[in-house]
Amino acid sequence: MGAVNIDRIIRRYEPKREYILDMLHDIQDASPTKSLSPEAMEKVAEYLGIPVSEVYGTATFYSMFSPRPRGKHIIRVCVSPPCHAAGKEEILATLKEELGIEVGETTDDGLFTLETSSCLGVCGVAPVIMIDDTVYGNLTPERVKEIIASYRK
Amino acid sequence: MKMVRSHVLIGMDPGTLLAGAKEVQKKFIEEIEKRQLSDEVKVLETGSLGITGKGVVVLIYPEGVYYVNVRPEDVPEIVEEHLLKGRFVKRLMLEPKKIEDIVKEGKVPKRLRKQTRVVLENAGVIDPESIEEYIAAGGYEALAKALEHSPEWVLEEVDKSGLKGRGGAIFPTGRKWRFTANVRAEKKFVICNADEGEPGTFKDRLILEGDPHKIIEGMLLTAYAVGATKGYVYIRGEYELSIRRMQKAIDDAYKYGLLGDNILETGFKFDIEIKKGAGAYVCGEETALIESIEGKRGMPRPKPPYYPGVKGLWGYPTVVNNVETLANIPSIILKGAEWFRSMGTPESPGTKVYTILGCVNEPGLIEVEMGTTLKDIIYEFGGGVKEGKEFKAALIGGAAGAFIGKDMIDVQMAPEKLAEYGGVLDSGAILLLDESVSIKDMLKNIAYFFKHESCGKCAPCRAGCIRVYEYMEKACNGGLTEEEVNKVLGITKEMKRTALCGLGQSLIMPISSAIRFFKEELLT
């Protein structure tokens, strides 16, 4: 993402600290690597008149922000108790095997990043994963393979 | 204009959306147009209809018939049979065996008929994106009534109702408001805590998505009572649909003069803004949430001196209330404290929204009076334990909740009754576990959750969560000695005494209750 775009995004907000999460959300959503680059964080710091370390510290406190580049699709596996009791371990193992990566890694083709998440609030259909903004529930290993295949097409 | 004779309500929540609710909705509109019924039949998108794990759920009024697991290819049959010929499509009905009962006894199935809906009275009944429908259902009448009285009258009514916070800490709402009302300050704030993250809990999401105006009205009444002029709704970042619906509701409320500088032309002034979270369980703690709104790391503040009621957002007096708490306020003001006290137990009046999960036949969301027994919740509302499985324990209140053994199934679900068993109501999540679930494995998972979500600000929680997790790993890999079990209990006791906020203080709940009922499973 170019510097101009970042400027345009942050200038939608008043230069107040209370808007930092909104800015970071918007920058990350617009980023092709679904992440916050050092350059983006510097721009936010400059705009708000605070040290870059403050921006970095705030961003990395929250699990939805990533300072590391991520894949095109982010797979988040819910690992909270209701999904755990419903068999999330098997789902996670299937995903690791199918994608050939561990949690926190990105596939070589840059298509998927695998992450875990705390409760996503859709426990009625546990076990659950979320790919980008879409929730998939009542999962079985077979269903997981089908879903991954549908994204590879 | 012809009169609308039927309403087709399609429940939209992540569960039904992934089952294809949008496609079903599209098909309904197509089929209805094809048969030229568009003037007579209205298709509405609503929040969750309170039934989960059963695919796309459709509710048709005036008959009040629920269809579940509806697929687009079923739609022509429903339109043809039900809407055109007035015959129910039995194979898709929620309780096909009880059709006669449904017709005879009322409009809704037993499971829903027996509920007492206050907070959820409109959820799944009105279109949450229509302010007109909320107003037609009696919405904003409580605000109009309140504005004819003094702020003190509103405060007094809530105080008398005995309403307690529904977010977990069960602090009396009236008392909380009084702290803020009694302070003189240049500015005051009202915050709606919609950072729902307790594992197994999704009640606030369904209120946000099903009836967002009720929350706005609740915030307006709170603001009027305590003298606040600005409000924030802090919604967790993962709840995209909730954020969208809430924003629409706020925009509409401004258009109708229900928010802004001169509300209902009385000179009362109140603004609301949404703040989107970014994934941190600890931000559900009120002081951490305030830090997050200020744009900082969401770490809790020490209390004292930072009691939000007097020293909250940017140092100003701030009321922080949970979504469900706020959703109770309009009804209390409209119908009175006495009416509210006629429900529930003397110590805990009113209703409670629960999420029932795990090995039950009908997982989902219900609202019943406080004091309803766990047994009734499982059998009357959850449809009983899944066939062929033996109920072993219930984890009540999420990860920060407590286990309850099967011999305690008659316990009344109210904070003061659960306390007798060392339990808590907390967020109202009820996770039923069958015989196949290992308690130590669940504890390890819970300890991992705490370890992951601990913000690291205070040492007891930062180090304690890691230690407890290590012990639970050991319990799973061979077991613990009697001495080690006592050690774990000791750590969590110390955390309860010294941790900065509710996160570290509550790890003792699952640990001590598990040790109480299932100690054998943890030992070598």
Side-chain angles (χ1 to χ4, degrees), chain A residues 13 16-26 28-29 36 44 48 50 54-66 76 78-89 115-126 128-139 143 147, chain B residues 13-15 17-19 48 51-54 196-202 204-205 236-240 275-281 283 292-299 314 355-359 363-365 395 398-399 429 431-434 437 441-442 444-446 448-449 452-453 455 510:
Chain A
Y13 298 95
K16 288 185 183 168
R17 176 90 191 233
E18 62 168 302
Y19 296 113
I20 189 170
L21 296 188
D22 303 281
M23 293 176 191
L24 296 176
H25 269 301
D26 290 355
Q28 182 167 282
D29 288 348
L36 298 168
V44 171
L48 294 177
I50 56 174
E54 280 279 325
V55 178
Y56 183 83
T58 304
T60 52
F61 180 81
Y62 297 93
S63 67
M64 288 177 82
F65 297 131
S66 172
R76 311 174 77 201
C78 175
V79 295
S80 282
C83 282
H84 183 71
K88 70 107 205 323
E89 211 54 57
E115 294 183 352
T116 58
S117 164
S118 291
C119 188
L120 294 165
V122 259
C123 325
V125 291
V128 170
I129 63 170
M130 201 165 163
I131 303 184
D132 306 327
D133 287 333
T134 310
V135 174
Y136 296 91
N138 291 324
L139 295 174
R143 181 86 186 98
I147 293 166
Chain B
D13 61 58
L17 282 169
L18 75 91
S48 171
I51 299 160
T52 56
K54 291 206 177 295
E196 183 172 60
E198 192 59 55
T201 312
F202 47 91
D204 294 343
R205 176 167 62 72
R236 67 181 291 198
E238 291 88 344
Y239 282 7
E240 282 290 339
K275 281 283 173 185
K276 180 178 169 183
Y281 169 75
C283 287
S292 185
I293 291 182
E294 292 182 6
K296 302 178 192 147
R297 292 164 70 89
M299 290 170 148
W314 294 296
T355 43
I356 327 175
L357 305 161
C359 63
L365 181 95
L395 176 62
L431 177 63
L432 292 172
L433 305 170
D434 63 47
V437 176
D441 181 53
M442 283 304 289
K444 185 178 140 190
N445 180 258
I446 290 169
Y448 174 83
F449 175 79
H452 184 259
E453 297 295 347
C455 78

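Below, chains carry the letters A, B, ... as their sequence lines are ordered, and counting in each starts from 1. Just so it is clear, the values below take in all heavy atoms, side chains as well, and ignore hydrogens, waters and symmetry mates.
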Go through the structure and list residues passing side-chain contact (heavy atoms from CB on, under 4.5 Å) with Ser117(A), not counting sequence neighbours.
Arg76(A), Leu120(A)
Interface moiety of Val55(A) toward chain B, non-hydrogen atoms closer than 4.5 Å
neither
Where do Ala280(B) and Tyr62(A) come nearest, in terms of heavy atoms and distance?
CB-CD2, 3.9 Å
Please flag which part of Lys275(B) lies under 4.5 Å from any non-hydrogen atom of chain A: side chain, backbone, both or neither.
side chain
Heavy-atom distance under 4.5 Å to chain A: side chain of Phe449(B), backbone, both or neither?
side chain
For the side chain of Ser80(A) and the backbone of Pro199(B), is there at least one donor-acceptor N/O pair under 3.5 Å apart?
no
Given Ala19(B), Gly298(B), Cys283(B), Ala278(B), the one with more heavy-atom pairs under 4.5 angstrom with chain A than any other is Ala278(B)
Counting heavy atoms not belonging to Tyr13(A), are there more than 12 under 6.0 Å from its OH?
yes
Please look at Asp204(B) and chain A and tell me whether the side chain, the backbone, both or neither of the residue comes under 4.5 angstrom of a heavy atom of that chain.
neither
Ala86(A): side-chain contact (heavy atoms from CB on, under 4.5 Å) partners, not counting sequence neighbours:
Ala126(A), Pro127(A)
Is Leu357(B) close to chain A through its backbone or its side chain, or both, or neither, when contacts mean heavy atoms under 4.5 Å?
side chain
So which of Gly277(B), Ala399(B), Gly358(B), Gly398(B) has the biggest tally of heavy-atom pairs under 4.5 Å with chain A?
Gly277(B)
Under 4.5 Å from any heavy atom of chain B - which part of Val122(A):
both
Ion pair Arg17(A)/Glu54(A), N-O distance below 4.0 Å:
yes
Pick whichever of Ala429(B), Ser292(B), Cys359(B) has the most heavy-atom pairs under 4.5 Å with chain A.
Ser292(B)
Thr116(A) side chain to Val79(A) backbone, donor-acceptor under 3.5 Å
no
Identify which of Met299(B), Glu453(B), His452(B), Arg236(B) forms the greatest number of heavy-atom pairs closer than 4.5 Å to chain A.
Arg236(B)
Steps toward salt bridge (charged side-chain N to carboxylate O under 4.0 Å, His left out) verdict (Lys276(B), Glu240(B)):
CA-CA 9 Å; Lys276(B) 180 178 169 183; Glu240(B) 282 290 339; 3.6 Å; yes
Which bit of Glu198(B) is near chain A, if near means a heavy-atom gap under 4.5 Å: side chain, backbone, both or neither?
backbone
Quick one: which of Cys83(A), Ser118(A), Gly137(A), Ala59(A) has the most heavy-atom pairs under 4.5 Å with chain B, could you say?
Ser118(A)
